[in-house]
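Here is the structure we will look at, set down as structure tokens.
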Amino acid sequence: MDNLQDILKQQIIDALNLEEIETADIDNDAPLFGEGLGLDSIDALELIVLLERNYGIKIKDPAVGKEIFKSVNVLADYVSKNRTK
Amino acid sequence: MNWVRIRKDSIVVNGDVLSTENTGQAMLKEVYKKHIGGYPKFFKMDALCKLGLIASELLLQLESPRVTDTEQRAVILFNRASSLSDDRNYQATIQDAGNFFPSPAVFVYTLPNIVTGEISIRNKYYGETLFVVLDHFNAQEMFNVVREAFLDPMTSDVITGWVDCENKDDFEACMFLASAVDQDFTPEFINEIYNK
């Protein structure tokens with residue numbers, strides 16, 4: 001799980017061009033949105049594309065998206081249980 | 001009148017060369033880190049917006065005190081390539097039916113006038129914004145459009161100029177801060193700075 005969390009953090013940094021942030025700066029339990037990383041609604045859409053492209057996960061329900069982006073830990077858990085690639 | 005001239009391998013501000021070690025996109029990033037900073041959104045921008053933001057920041061750093069939060073400043077920019085650089089990037093995300101992942105973050109920059117918005121957001125400008133795509137650099141046309149903007153009594157000055165980005169490493173900008181009472185803002189002056 002730790003490895004997937006680190007991979008996800010690096011993928012988030014790359015996909016969202018968070019150039020001044022390193023994986024170690026992202027707390028696994030901290031909210032991805034609303035504070036800290038300063039992500040916006042376009043970033044949320046980009047993360048949804050990332051999940052589909054890298055893990056074959058299609059997020060169609062906005063409520064699911066809101067839930068899984070609560071933290072890297074929550075996201076990693078969801079990815080590990082739902083990935084198709 | 002303050003001005004900035006950027007080419008893909010050089011930057012001149014009011015006649016003074018800004019020393020840089022890189023060219024192209026790496027030069028813009030270097031200037032951001034050395035002279036601007038504190039605005040992480042810069043890294044999310046497309047090449048046209050990065051160019052416009054760098055030019056405007058270097059221009060506005062000359063202003064003392066720096067004006068923000070105003071309705072009286074317009075942002076009127078011109079170019080030839082529109083948002084073609086980012087359009088190509090977006091096309092690349094949808095080109096292959098077997099690898100079809102349209103990027104929202106790239107898509108939002110597929111209009112040239114996004115750069116006028118980025119400059120306005122950064123500086124809390126609530127005045128007029130306009131982006132005009134011309135078939136070539138035309139100082140007279142640019143001057144005419146800016147003079148028309150000054151017909152609105154609300155507009156006291158304008159950030160204006162040429163901000164053209166063929167691709168991320170091939171670009172140029174020529175930017176001015178012109179006020180309604182500036183007598184030296186003329187087509188000849190625009191040409192003179194552009195040709196420096």
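Being a predicted model, the structure only gives us computed values, none of them experimental. Each chain gets a letter, A, B and so on, in the order its sequence line appears, and its residues count up from 1. Every heavy atom of this structure was used, including side-chain atoms; hydrogens, water molecules and symmetry mates were not.
Legend: ring pair (Phe, Tyr, Trp, His ring centres under 6.0 Å) pairs involving residues 10-63 of chain B, not counting sequence neighbours, sorted by first then second residue: B/Tyr32-B/Phe42, B/Tyr32-B/Phe43.
Residue B/Val13 is grouped with residue B/Phe171 when hydrophobic side chains (ILVMFWY) are merged at heavy-atom distances under 4.5 angstrom, including chains of intermediate members. No chain of hydrophobic side-chain contacts below 4.5 Å, direct or via other Ile, Leu, Val, Met, Phe, Trp or Tyr residues, connects B/Met175 to B/Ile76. Under the 4.5 Å side-chain heavy-atom criterion for grouping Ile, Leu, Val, Met, Phe, Trp and Tyr, B/Ile114 is connected to B/Val133 within one hydrophobic cluster. Linking Ile, Leu, Val, Met, Phe, Trp and Tyr whenever their side-chain heavy atoms come within less than 4.5 Å puts B/Ile193 and B/Val17 in one cluster. Hydrophobic clustering (side-chain heavy atoms under 4.5 Å, transitive across Ile, Leu, Val, Met, Phe, Trp, Tyr) groups B/Val132 together with B/Phe137.
Across B/Pro104 and A/Leu45, no two heavy atoms sit closer than the pair CG-CB, 3.5 Å.
Residue A/Leu50: no heavy atom, backbone or side chain, is found under 4.5 Å from chain B. No part of B/Lys41 comes within reach of chain A, as not one of its non-hydrogen atoms sits under 4.5 angstrom from that chain.
In this structure, A/Leu18 and B/Lys44 have side chains that are in contact, with non-hydrogen atoms separated by less than 4.5 Å.
Within residues 82-103 of chain B, the residues having any heavy atom under 4.5 Å from a heavy atom of chain A are, by residue number, B/Phe101, B/Pro102, B/Ser103.
Other residues, nucleotides and ligands contribute at most 12 non-hydrogen atoms within 6.0 Å of the CD atom of A/Glu22. In the displayed structure, A/Lys60 atom NZ is contacted under 6.0 Å by at most 12 heavy atoms of other residues, nucleotides or ligands.
A salt bridge links A/Glu19 with B/Lys29: the distance from a Lys NZ or Arg NE/NH1/NH2 to an Asp or Glu carboxylate oxygen falls below 4.0 Å.
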